[in-house]
Structure formats: C-alpha cells, structure tokens
Amino acid sequence: MTQAVAPKETAQHGLTAHSDGDWANRVPVQTRSERPVSTDVADFAEVTGREAVWKYTPVAKLDAVLNGQLDGSRVPVSVSAVAGVTSEWVARSDARIGRAGTPEERGAAAAWSAFGEAHVVTVSSEELVTAVVTRDALDTTPRAGHTVIEAAPHSQGLVILENTGAAHLSENVEIVVGDGAKLTVVSVQQWNDEAIHLASHYATVGRDASVTHIVVSLGGKIVRLNPSIHLDHEGANGEALGAYFADAGQHLEHQVYMDHDAPHTRSRVTYKGALQGEGAHTVWIGDVLIRNNANGTDSYEQNRNLVLTEGTRADSIPNLEIETGDIEGAGHASATGRFDDEHIFYLQSRGISAEEARKLVVRGFLFEVIARIGDAATEERLHAAVESELADSVR
C-alpha cells in the first residue's frame, strides 16, 4: 500500500502546493549523464531487475556478486615481462585510483567498496609495446577486483586482459590515457560455462590522445561488461569495438557509453555479435552524449547481430543525446537478422556448400573486429575459438 504524501506548504498566504508537483524529484532518470554515481554500495538500493540499467539482465542469478560478501583480496594475475611496462599492487588509498570514472550502479559500487588493493599497469614506452595480463587461476568464490591501466603522455601500448577458467568476478577497470598517447585495451572473455563476470571499464582520454577499447566475449554463463569512454580533452579520440558469440543459455551484455565533453573530439562504436542455440541472449546498449561544449564532434555508433538459429534473443538499443548543433556529424544504427540469402547464393554459385558458406559469412562478420586487436597470437587464438563455436552448429 502506498503511503500518501502530505502536500508541502508554501511561503505565500498559507497556500499548499498541488500534489501533482515536484517533478524535479519525481521524474525518473532519462539519460545516461543524469545517473547518480558513487563508489559506496550503500548508496544504491538492492537490484530488483526493474531498473533501466538492469532490466535486460538475469539479476536473480547474480545475487552473490550484487548483494553478497565479496572477497577483496588480490585477484590472481600474471603479466608478461615487457620493457616499457610496469606492474604493481597499490593500496586503495593510492592517488592513481578514481581518476577515470565512478560507478553508476550497484554491481560496480559493490566491487569498488570491497577491493583491498588495486593492480596498476603503466605503459611508458614511446615505441609500441604489448603486455598480456592473464587471469586464469580464479575459482567460484565471489570476488571483487580493481585494475588501473595508465598510458603515460606520448606513450604507445597494447594491453590485453585474458580471462579464462572459472570465475565469480565483479570488477572495475580504470583506463587513463595521457596527452598525445595511443593505447589499445583488449578484454577477452573465454571463461568456462558456469562463470559469472561483471565488469565496468572507465576511460579518460587526454588532449590529442587516442584509446581503442576492444571487447571479445565468447565464454561464460553471464558476462556483463560495460565500457565508458570520456573524451574530456580537446582532440581526444575514442573507439569502442566488440565481438561476441552467444551459445544456448548464455547471456552476454555490453552497455557502451561515449561521453564527448570537449571540442573537436571523435568517436566510433562498432559491436558485432552472433547467436545460436535455445536461450542464447545478447544485450547491447549504446549511449553517446555530445555535451554543449563539445563543438566539432564527430561520432557514430552501430550494432549488428547475426541470428544463426531459432530460440535466440538479441536486444539492441542505440541512444544519441546532442546538446549542441555545432558538430561535424553524429549518427547511430542497429540491425538484427539472419543470413543474407544473396551472400549465401553467391558463395554456393562458386561451388561452396551451404554449410561452409554460412561459416564464411560468420567468420567475415566477426573477424572484422578481431583483426583490429593488433596481436597476431591473440587474433589467431580467437579465430580458432570462433571456428570451434561454428563447428558446433551453423545450420
């Protein structure tokens, strides 16, 4: 039963305000930029699944990481030894923590509240270097993690987060790109069939700097990885790319936020996914905000989903919020469908079987994103993983 709220008295003639007022406090949050933020889990109510940020997620299966006690000790990692890249653990009070973003929902806040130390990876080389951060020794204990990846001014680096094996992991990843730096961060999810992974990635990009954020989600029972890229210095460039392949009963979710908060910034968002098997579910939500001071912005986002079998579901929601008319361009696109019959017919007319033709279409569809990683060994391994997925059933 809803309790009635007494109308507020006004300061004039003892009159009372109409009960249908106070819209500033009643209207729900409509845009990404208006969401409340906090690093304290106590500032967020328990998740019901009716919230806009959670309504596509199977929250009943996430109780342990949303509402339970999280182990905040160090997440087991190994980092490849590379000149120009350092790796260290720091206390949560370290000044390098908290520069890239702040949680917007309970899952990220729970992880932020629980972690004890953060893993900091720093790229300082002005020549392109590649570092691989491997997480393959977790278990089913609900854990909280925190990672900071920083590219020093004018440095160049590729940092690959490799996630395999078992996990019940909720984490925050901060990405700080210094002025003039070029950084690519790749997060690969090849967890086992029962793994749960919630991750919020936040990037802040310096003046005339560039970040390329790539997500490849193939394994895990529930994977929910949400990157937020803040282009808050003039000339900043951000690219968010993703490839995912959902099998029967698998939930893969990505909510992408591109925040233009400075003049002459540029962004591109491209996520591509394939689905097969009963109950395979993917969610992509893309939010682009062009603030009123971001004149000269050039932005475009798109999501494409390829449905391979019956019984799948792909939710795709692009959003574009523009607060200034002085921009170079902005747009968004979304499409979900089955194979293009003309593509299949063309390949069959060249003597290729229908089954192999379908596989070729899926390969080309997903490999466009994987080819942007820039590390041959990782690309080759992911190609093999997609081939394995296709071998199961493309019909």
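All heavy atoms count here, side chains included; hydrogens, waters and symmetry mates do not. Note that the coordinates shown come from a computational prediction; the quantities given were computed from them, not determined experimentally.
The closest side-chain donor-acceptor pair between R268 and N237, if any, does not fall under 3.5 angstrom. Using modelled atom types, one finds no donor on one side chain facing an acceptor on the other under 3.5 Å when comparing D326 with T324.
L252 and S217 get closest at one heavy-atom pair: CD1-O, 3.6 Å. Of all heavy-atom pairs between P227 and Y271, the closest is CG-OH, 3.6 Å. Across N163 and Q189, no two heavy atoms sit closer than the pair ND2-OE1, 3.0 Å. Contact between H197 and W191 at its shortest, heavy atoms only, is ND1-NE1, 3.1 Å.
Checked for salt-bridge contact, R304 and E368 miss the test: no charged N lies under 4.0 Å from a carboxylate O. Note on R266 versus E328: no salt bridge recorded, every NZ/NE/NH1/NH2 to OD/OE distance being 4.0 Å or above. No salt bridge links R35 with E51; every basic N to acidic carboxylate O contact stays at or beyond 4.0 Å. Residues R291 and E323 are not paired through a salt bridge, judged by the lack of any N-O separation under 4.0 Å between the basic side chain and the carboxylate. Using a cutoff of 4.0 Å between basic side-chain nitrogens and carboxylate oxygens, R313 and D315 are scored as salt-bridged. A salt bridge between E239 and R372 is present, with a side-chain N of the basic residue lying under 4.0 Å from a carboxylate O of the acidic one.
By the neighbour-count criterion of 12 heavy atoms within 6.0 Å, atom NZ of K182 is sparsely surrounded, having that number or fewer from other residues, nucleotides or ligands.
Hydrophobic cluster membership differs between V256 and L241, with clusters built from Ile, Leu, Val, Met, Phe, Trp and Tyr side chains linked at under 4.5 angstrom.
Taking the centre of each ring, H119 and H146 stay at or above the 6.0 Å mark.
E174 contributes no side-chain N or O that, together with a main-chain N or O of Y202, makes up a donor-acceptor pair within less than 3.5 Å. Between the side chain of T312 and the backbone N or O of L275 there is no donor-acceptor pair closer than 3.5 Å.
By the ring pair (Phe, Tyr, Trp, His ring centres under 6.0 Å) test, Y244 pairs with H254, sequence neighbours left out.
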Intermediate values then yes/no, side-chain hydrogen bond (donor to acceptor under 3.5 Å, both in side chains), N295 and N293: CA-CA 6 Å; N295 56 292; N293 62 324; over 6 Å; no
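Applying the salt bridge (Lys or Arg N to Asp or Glu O under 4.0 Å) definition to pairs two or more places apart or across chains, those involving residues 188-212 are R207-E234.
Cation-pi contact between R224 and W54: present, with separation from the ring centre below 6.0 Å and deviation from the ring axis of at most 45°.
With rounding to the nearest 0.5 Å, the separation of CG in L231 from OG in S267 is 6.0 Å.
Counting heavy atoms from C-beta on, the side chains of Y257 and N226 never come closer than 4.5 Å.
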